[in-house]
Amino acid sequence: MFASLSRNTAMDPEPSHQLAAWLAGGQITASVWVLISLVLLMVVAGLLVLSVILWRQLLSTQGRLWKEWSARAEVERALSDKEQRLQTIFESQLECVKLHDANGTILTMNQAGIARLGARCAAQVVGTSVYSFIAPEHHERYQTLSASVFQGNSDSMEFRLCCAAGNQRLFETHVVPMRDSSGTILAALALTRDITDRRNAEERAQRHLSDLARVARITSMGEMASGLAHELNQPLAAIVNYASAALRVMRTSPEKMASAIDSLEAITEEGQRAGQIIRNVRDLVSRTEPTKAPVDVNEIVRMMVLLAKPEAARHGVAIRMQLGAGTGVVHASKIELEQVVFNLLRNAVEAMGYPESIGQPAVIISTRRTPVGSVEVEVEDCGPGIADDDIDQVFDPFFTTKVDGMGMGLSISRSIIEAHDGRLYVRPNADKGVTFGFTLPQSEVRLAA
């Protein structure tokens with residue numbers, strides 16, 4: 001049959017028609033139908049299995065894609081929320097916050113910073129250089145700062161900034177590197193605050209302190225007027241006596257000129273002594289603005305001891321100096337430092353003059369250099385001391401243990417020392433009396449010879 005079919009198929013140019021004829025003629029056996037049916041069933045089953053597999057893979061892929069999409073959407077929402085929070089923080093800052101590149105080109109700035117510059121919108125600021133706003137005298141320092149930040153460091157500085165209105169304001173900036181996830185520095189992040197009003201307030205406070213200090217110095221000089229007059233009378237009287245002796249020798253015994261020269265030299269010494277006292281008093285009551293410069297602490301102590309001796313003599317108190325060799329130089333306002341030393345000496349002398357004081361009436365003032373490189377001055381008395389309840393209040397304004405005291409001397413002294421980056425302290429002595437002292441940073445600058 002198959003041979004006949006093959007022959008007929010080969011002879012018929014259209015085999016499909018021949019096959020149809022055979023089928024129509026019933027010439028295919030039942031077994032062939034079964035075989036064909038099985039093949040068709042297997043094909044259909046395979047297609048069904050393949051469809052199920054593909055469908056399951058599709059569902060799995062769809063689920064995985066849905067999870068990935070959901071996770072990505074969640075990450076994007078988190079990033080958006082984080083960005084929104086950072087933007088809110090960025091814009092809510094009351095001070096200027098900006099980003100700039102290594103060349104100083106401003107990448108972004110918050111509204112507070114734009115307003116500080118006097119600009120109307122971000123377009124007037126973004127893309128410009130920070131050096132177009134910073135005063136020229138600060139350009140070099142800011143370039144150094146910027147280079148340091150892009151090397152991974154943090155830095156701060158103060159500079160004057162030229163605002164759009166043409167005025168200048170004083171600003172303080174702190175700059176840190178801004179990095180990406182790999183650690184690469186992308187920009188410099190600067191937080192800049194306007195400190196003009198604060199500095200003006202500090203200057204007013206300093207002027208107020210200077211005025212109070214001058215009033216205190218004048219008051220002290222007024223209270224010591226009688227002692228100073230007595231101290232000046234001694235060299236003036238000596239000058240008169242030596243001058244009379246020199247004139248007498250020159251008139252009666254010209255050949256004894258050596259004796260007259262000795263008298264003239266003595267006059268010079270006494271005149272210098274009187275002149276030094278007058279200069280010290282004049283310096284203390286002068287209205288000159290305090291100016292910091294390198295000063296020798298030991299020299300200040302010597303001058304103030306000379307000035308305090310008349311008051312000490314009136315109280316029957318001796319002042320002894322124990323000055324350390326090479327104590328050092330400090331960078332300070334000479335007039336203010338003299339006032340602190342003088343105030344501590346005078347307080348110690350007055351404490352020694354009280355009836356309750358015990359022991360030898362002497363005040364010891366000492367200087368030395370500390371192991372950490374500071375210069376220390378201490379004034380020690382052996383008077384009645386200070387009550388435990390009062391020792392923590394002695395530096396408070398208007399606190400005093402004196403009957404006629406104002407309570408401003410120690411408060412002013414503490415303000416002066418702290419303005420020089422130092423510390424003023426008090427401690428009870430082991431036996432009797434108290435010690436007041438202060439420390440100041442030693443200056444690296446040496447005094448001119």
Side-chain angles (χ1 to χ4, degrees), residues 68-206 421:
E68 291 178 356
W69 181 86
S70 299
R72 180 175 179 178
E74 184 66 27
V75 171
E76 288 178 350
R77 281 196 299 271
L79 288 174
S80 178
D81 292 343
K82 185 177 181 180
E83 182 179 358
Q84 184 62 37
R85 286 195 297 270
L86 290 175
Q87 185 66 24
T88 301
I89 294 172
F90 182 77
E91 291 296 343
S92 65
Q93 292 297 308
L94 299 179
E95 304 296 344
C96 172
V97 183
K98 65 179 179 293
L99 293 174
H100 67 75
D101 63 16
N103 297 321
T105 302
I106 298 174
L107 305 176
T108 185
M109 182 180 291
N110 66 344
Q111 289 299 319
I114 294 171
R116 291 283 184 184
L117 293 176
R120 293 188 299 274
C121 61
Q124 293 181 308
V125 177
V126 175
T128 61
S129 173
V130 293
Y131 300 105
S132 62
F133 300 102
I134 298 175
E137 62 268 23
H138 301 292
H139 284 187
E140 184 177 353
R141 171 69 181 92
Y142 197 88
Q143 288 170 353
T144 303
L145 176 146
S146 181
S148 176
V149 169
F150 276 90
Q151 290 175 359
N153 304 311
S154 301
D155 206 347
S156 301
M157 69 171 289
E158 294 180 5
F159 57 83
R160 293 199 174 275
L161 190 141
C162 306
C163 301
N167 61 321
Q168 289 194 356
R169 306 277 293 180
L170 184 63
F171 283 78
E172 178 185 60
T173 189
H174 181 67
V175 191
V176 299
M178 185 175 182
R179 305 174 184 270
D180 61 11
S181 57
S182 65
T184 303
I185 299 175
L186 302 177
L189 173 62
L191 174 62
T192 306
R193 59 177 57 88
D194 189 337
I195 60 173
T196 308
D197 295 336
R198 188 185 78 189
R199 281 301 169 86
N200 290 340
E202 290 174 353
E203 290 175 2
R204 288 194 298 270
Q206 184 60 41
D421 299 323

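Note that these values count all heavy atoms, side chains included, but never hydrogens, waters or copies made by symmetry. The structure presented is a predicted model; accordingly, all values stated were derived computationally and were not measured.
T184 pairs by the side chain to side chain contact (heavy atoms under 4.5 Å, CB included) definition with D180, S182, not counting sequence neighbours. Listed by chain and number, the residues in a side-chain hydrogen bond (donor to acceptor under 3.5 Å, both in side chains) with S148 are N153 (sequence neighbours excluded). When the side chain to side chain contact (heavy atoms under 4.5 Å, CB included) test is applied to R193, the partners found at least two apart in sequence or on another chain are E95, E172, L191, I195.
Rounding to the nearest 0.5 Å gives a distance of 8.0 Å between CD1 of I134 and OG of S129. Rounded to the nearest 0.5 Å, atoms CG (L170) and OG1 (T196) are 5.0 Å apart. In this structure, the separation between CE on M178 and CG on D101 is 13.5 Å, given to the nearest 0.5 Å. In this structure, W69 CH2 and E74 CD are separated by 10.5 Å, a value rounded to the nearest 0.5 Å. In this structure, the separation between CD1 on I185 and CZ on F150 is 7.0 Å, given to the nearest 0.5 Å.
Of all the heavy atoms in L107 and V126, the pair that sits closest is O-CG1, 3.4 Å.
The environment of M157 atom CE is dense: over 12 non-hydrogen atoms of other residues, nucleotides or ligands sit within 6.0 angstrom. The number of heavy atoms from other shown groups lying within 6.0 Å of CD (E140) does not exceed 12.
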Take H174 and S156 through the side chain to side chain donor-acceptor pair (under 3.5 Å) test and state the conclusion after the steps. CA-CA 4 Å; H174 181 67; S156 301; 2.7 Å; yes
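Residues R160 and R169 have side chains not in contact (no heavy-atom distance under 4.5 Å, counting atoms from C-beta outward). Using a 4.5 Å cut-off on side-chain heavy atoms (C-beta onward), H100 and S146 make contact. Put simply, the side chain of V130 reaches to within 4.5 Å of the side chain of I106, judged on heavy atoms. Considering only heavy atoms from C-beta on, L145 comes within 4.5 Å of V175 through its side chain. A 4.5 Å side-chain heavy-atom check between V149 and L189 finds every atom pair outside the cut-off. Side-chain contact check for R141 versus D155: some heavy-atom pair is nearer than 4.5 Å. With contacts defined as side-chain heavy-atom distances shorter than 4.5 Å, the pair L186/R179 does not qualify.
Salt bridge status for E158 with R199: present, with a side-chain N to carboxylate O gap under 4.0 Å.
Aromatic ring orientation, Y142 versus F159: perpendicular (interplanar angle above 60°, classes split at 30° and 60°).
A donor atom on one side chain and an acceptor atom on the other are not found under 3.5 Å apart for T108 and K98.
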